[in-house]
Asker: 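I have a structure here, written as structure tokens, and I will follow up with some questions on it.
Remember, it's 1-based here, ligands and their atoms both numbered in the order they're listed.
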Amino acid sequence: MTSLPDITSSWAPAPAEPAPGVAVRTAARVFFERFGTAPRWLAVAPGRVNLIGEHTDYNGGYVLPLAIDRHVVIAAAPARGDGARLRAYSAALDQSVDIRLDGSEPPGEPAWANYLRGVVRAFGERGLIAGSIDAAIVSDLPLGGGLSSSAALEVATATLLEEATGATLDPQDKARLCRQAEHDFAGVPCGVMDQVASVIGDAAGALLIDCRSGDVRVIPFADPGVSVLICNTNMKHALADSAYARRVTECAEASRRLGVSSLRDATPAMVESANGTLDAVVARRARHVTTENMRTLAAATHLEAREFAEVGHLMYASHRSLRDDFEVSSAELDALVDIAREIGPAGGVLGARMTGGGFGGCTVTLVRTDCVAAVANTLTIEYRKRTGLTATTFVSRPARGAHVLDPLTVV
Ligand code: GLA
């Protein structure tokens, strides 16, 4: 949802100014053009990239994402007029919606606004009803690119409503509220990783999240010698949402068969010994989740010890497991990971894997910083040769979680 200049089209070094500067100023400008006055609040929520721990969150397992310096920004101000209403304009889609803030608004069209409606409903149910608000939404996160643009929109909305109602939600509660909005209003039975990363993101590093207890530990990741390169396949396959929902059901089936309350409590050995009694597909799904939990904990330990080569090996293993056992990769994602592996340590690549739900979207590659430009270049050229498609790449440092900025300090 952006009319920003396309800064994803080539490798970009770390921005010279603190993110989310560009998106914030664009949002303030769009708000002014739309509503003829300056915004009072700038609610900012980052996307995320997951280093490892995929399809484990809804199984009560471990994930290791970092919030990235790409954001959804909502510029907003109290509005005049009767009733409590949110008038929101999306710059990317050039569309406006008008939503009742009392929580009585059902899901509907346009579909993108359901992320707003769901969060508004949850606030309304808690009796947290703001007076009317005008809002302009701008984002420099690729829409539907697997970097949690929808979670960032939910979290930005919740952050705005906290400000407008004077409420402060507990961060875990806020993340769960946003996830519930996605379940109920967008129909995606997602886990809580994306929302937690967007709410709790930390510029100091990646977040090791225990998705059962909610515990979050920041794993410092500020080594200037190693960079996180995100590469977008620019391809999203149809039916990705229904395939995601099927995986959730298959995992629930696996845990029932294994007699555990969630796959978090199962081990690869338990899955192995139940092989005869489990449906072959369900067994493969369970093997992925149980081995991925172990890989994620090991990766956090290695990251903490700055053993990046080991983290890289685990990323490749994660990708294989997602491709072969969980079957959520795609030809385009595989091509990017293959190219990265072919470049290898000699060319500065430490590891690569698909990131997010899969069926398209992005890969995450750990790269020696002095090689980032060359790696991004090779990935783009080779990807085009192999798929005929254009990939887009960018580097991100870990970013701060959702917050509100005072427009006077940024414009
Ligand atoms: C999507 C979901 C997350 C998580 C990932 C897969 O991003 O929103 O909750 O399940 O897929 O790890």
Asker: For atom CZ of Arg257, decide whether the heavy atoms of other residues, nucleotides or ligands shown that lie under 6.0 angstrom number more than 12.
Answerer: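 Check fails, neighbour count at 12 or below.
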
Asker: Go through it in stages, so that I can follow the logic: the residues are Arg126 and Asp173, the test is salt bridge (charged side-chain N to carboxylate O under 4.0 Å, His left out), and I'd like the CA-CA distance, side-chain angles, deciding distance and then a yes or no.
Answerer: CA-CA 12 Å; Arg126 293 169 183 223; Asp173 182 31; 2.8 Å; yes

Asker: Which one of Arg295, Glu292, Glu54 satisfies the side chain to side chain donor-acceptor pair (under 3.5 Å) criterion with Ser318?
Answerer: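 Among Arg295, Glu292, Glu54, the one that satisfies the side chain to side chain donor-acceptor pair (under 3.5 Å) with Ser318 is Glu292.
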
Asker: For a quick check: using heavy atoms under 4.0 Å, what are the residues in contact with ligand 1, sorted by chain and number?
Answerer: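 Lining ligand 1 at under 4.0 Å, by heavy atoms, one finds Arg48, Glu54, His55, Asp57, Tyr58, Cys190, Gly191, Met193, Asp194, Tyr244, Gly356, Gly357.
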
Asker: Decide whether Ser255 and Asn59 meet the rule of one side-chain donor and one side-chain acceptor closer than 3.5 Å.
Answerer: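 Short answer, no.
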
Asker: Does the side chain of Asp334 come under 3.5 Å of the side chain of His319 through a donor N or O and an acceptor N or O?
Answerer: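 Checked: Asp334/His319 side chains pair up, N/O donor to acceptor below 3.5 Å.
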
Asker: Is the shortest side-chain N to carboxylate O distance from Arg285 to Glu327 below 4.0 Å?
Answerer: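 Yes, Arg285 and Glu327 are salt-bridged.
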
